[in-house]
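All remarks here apply to the structure that follows.
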There are 2 protein chains.
Amino acid sequence: MFIEINPHDETPIYTQLMYQIKKNIVLYGDSLEKDLPSVRSLASDLGINMHTVNKAYNRLVEEGVLSKSKRGYFIQEQSSLIQHENVKEAMLEKLTQIQIDADIYGVSEQTISEWLESIKIQMKEEVEK
Amino acid sequence: MFIEINPHDETPIYTQLMYQIKKNIVLYGDSLEKDLPSVRSLASDLGINMHTVNKAYNRLVEEGVLSKSKRGYFIQEQSSLIQHENVKEAMLEKLTQIQIDADIYGVSEQTISEWLESIKIQMKEEVEK
DNA sequence: TAGTTGTTATATAATGAGTATAACACATAA
DNA sequence: TTATGTGTTATACTCATTATATAACAACTA
């Protein structure tokens, strides 16, 4: 797990953490340990509070990304299409906002595609380091 | 101006208002009155507070979408490419999150395109009503 | 037994969102 | 000139969220 938290970012720490974990799963998939670090150890490593990690973990369980047992949290193996309507709604909300901003700022469809492409490339580069 | 505020939505009222105004400009462009309703009248119409409208208006001024004078706020004519770095950063942040969620939930690139297309169609339908 | 897991409970602080009034300066229309 | 309507500023209050800090608990494990 390679996790970076930006304390100056306006997005909440637990949200950043959720996306960092998802990103790790996407990038390193099967080569990752199924067991996640305990809430206390990860919190200690990142210099944040235990409950903040716990919140991120539990949200990911609700989204179906993680599972939990009394032994700890671990990655939920799945090629599950979106079964959680909330996630889809959140994606649609973001897409709508992006579309409106693109329209009003004259950002072309092609530019959006290029941005998306560079995001993917950037992620692939991270995995090769 | 056709503005809808959803009080049950988790996104702040002033943010919803910002996007509703942008949406109006995108959809109805030149046929819109340049002058915006006063902060008090719009607040009254929507059943919300004056300062909430004021916040949305001023954010849009910062983004370059609106202008203001002592007479009131009005739509800023411009086909300005993104001069405000903050807006681009916000769009990239959203795009990154969408990309990660799409990857982890197995939402294909084509599906994303289809969602975007239906968003556009839906917006066009609104203008024809 | 000792240590680690997640869980629960309390408490506190900081911030953001939203509302509620009030007063002010300035411009405009009567 | 007066009245009204602009945006602006200031103050105060509520509420929810975020984040932290401790502490204690039950259950599992070495």
Side-chain angles (χ1 to χ4, degrees), chain A residues 1 3-21 33-76 86 89-90 93 97, chain B residues 1 3-21 32-76 86 89-90 93-94 97:
Chain A
M1 283 280 181
I3 294 177
E4 272 184 338
I5 297 299
N6 182 0
H8 304 298
D9 196 333
E10 75 284 355
T11 62
I13 295 177
Y14 79 93
T15 305
Q16 290 185 50
L17 190 46
M18 287 175 67
Y19 275 102
Q20 290 286 310
I21 292 170
E33 290 220 4
K34 297 272 187 69
D35 295 35
L36 277 89
S38 74
V39 291
R40 287 180 179 82
S41 69
L42 183 53
S44 173
D45 287 350
L46 299 177
I48 61 178
N49 191 272
M50 188 194 90
H51 296 101
T52 307
V53 176
N54 200 258
K55 188 171 184 178
Y57 278 5
N58 278 292
R59 292 288 180 96
L60 288 175
V61 170
E62 291 171 14
E63 286 191 11
V65 175
L66 300 183
S67 298
K68 66 171 156 181
S69 73
K70 291 173 184 173
R71 233 177 47 257
Y73 293 88
F74 47 92
I75 298 170
Q76 179 70 12
N86 296 336
E89 277 183 27
E93 177 76 13
Q97 294 182 352
Chain B
M1 283 282 179
I3 294 178
E4 272 185 337
I5 296 299
N6 182 359
H8 304 297
D9 196 333
E10 75 285 354
T11 62
I13 296 177
Y14 78 92
T15 305
Q16 291 186 51
L17 189 47
M18 287 176 67
Y19 276 102
Q20 290 286 309
I21 292 171
L32 270 186
E33 289 220 4
K34 299 271 187 71
D35 295 35
L36 276 90
S38 73
V39 290
R40 286 179 179 82
S41 70
L42 183 54
S44 172
D45 287 351
L46 300 177
I48 62 178
N49 191 273
M50 189 193 90
H51 296 101
T52 305
V53 176
N54 201 257
K55 188 172 184 176
Y57 278 5
N58 278 292
R59 291 288 181 97
L60 288 176
V61 170
E62 291 171 13
E63 286 190 12
V65 175
L66 300 183
S67 298
K68 66 171 157 182
S69 72
K70 290 173 183 172
R71 234 178 47 256
Y73 293 87
F74 47 93
I75 298 171
Q76 178 71 13
N86 295 337
E89 276 183 27
E93 176 77 13
K94 284 171 192 159
Q97 294 182 351

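The sequence lines fix the lettering, A, B, ..., with proteins before strands; numbering per chain opens at 1.
For B:Ser38 and D:dG5, the shortest distance from a side-chain N or O to OP1 or OP2 is not below 4.0 Å. Phosphate proximity of D:dG5 to B:Lys70: absent, as no side-chain N or O sits under 4.0 Å from OP1 or OP2. Taking side-chain N and O atoms only, A:Thr52 has a distance below 4.0 Å to OP1 or OP2 of D:dT20. Contact annotation: B:Tyr57 does not reach the phosphate of D:dT8 (side-chain N/O to OP1 or OP2, under 4.0 Å). Contact check, A:Asn54 against C:dG6: no side-chain N or O comes under 4.0 Å of OP1 or OP2.
Between A:Phe74 and A:Leu66, the closest side-chain pair of non-hydrogen atoms is not below 4.5 Å.
Judged by distance alone, with hydrogens and angles left aside, A:Arg71 brings no side-chain donor or acceptor close enough to the base of C:dG6 to form a pair under 3.5 Å. For A:His51 against D:dT18, a side-chain-to-base donor-acceptor contact under 3.5 Å is absent.
How far CD1 of B:Ile21 is from CD of B:Gln16: 12.0 Å, rounded to the nearest 0.5 Å. Atom CD of A:Glu10 and atom OG1 of A:Thr15 lie 10.5 Å apart (nearest 0.5 Å).
B:Tyr14 comes within contact range of the sugar-phosphate backbone alone, with a heavy-atom separation under 4.0 Å but no base atom that close.
Along DNA chain C, the nucleotide nearest to B:Thr11 and the one nearest to A:Met50 differ in position, and the one closer to the 5' end is contacted by A:Met50. Take the nearest nucleotide of DNA chain D for A:Ile48 and for B:Ser69: the residue whose nucleotide is more 5' is B:Ser69.
One can place NZ of B:Lys68 at 16 Å from C1' of C:dA27, the figure rounded to the nearest angstrom. When rounded to the nearest whole Å, the span between CG of B:Leu66 and P of D:dG7 equals 12 Å.
Closest approach to the B:Arg40 side chain among C:dT5, D:dT8, C:dT19 is made by D:dT8 (side chain taken as heavy atoms from C-beta onward). Looking at the side chain of A:Pro12, the nearest of the listed nucleotides D:dA19, C:dT7, C:dG18 is D:dA19.
Using modelled atom types, one finds a donor on one side chain and an acceptor on the other under 3.5 Å when comparing B:Asn58 with B:Tyr73.
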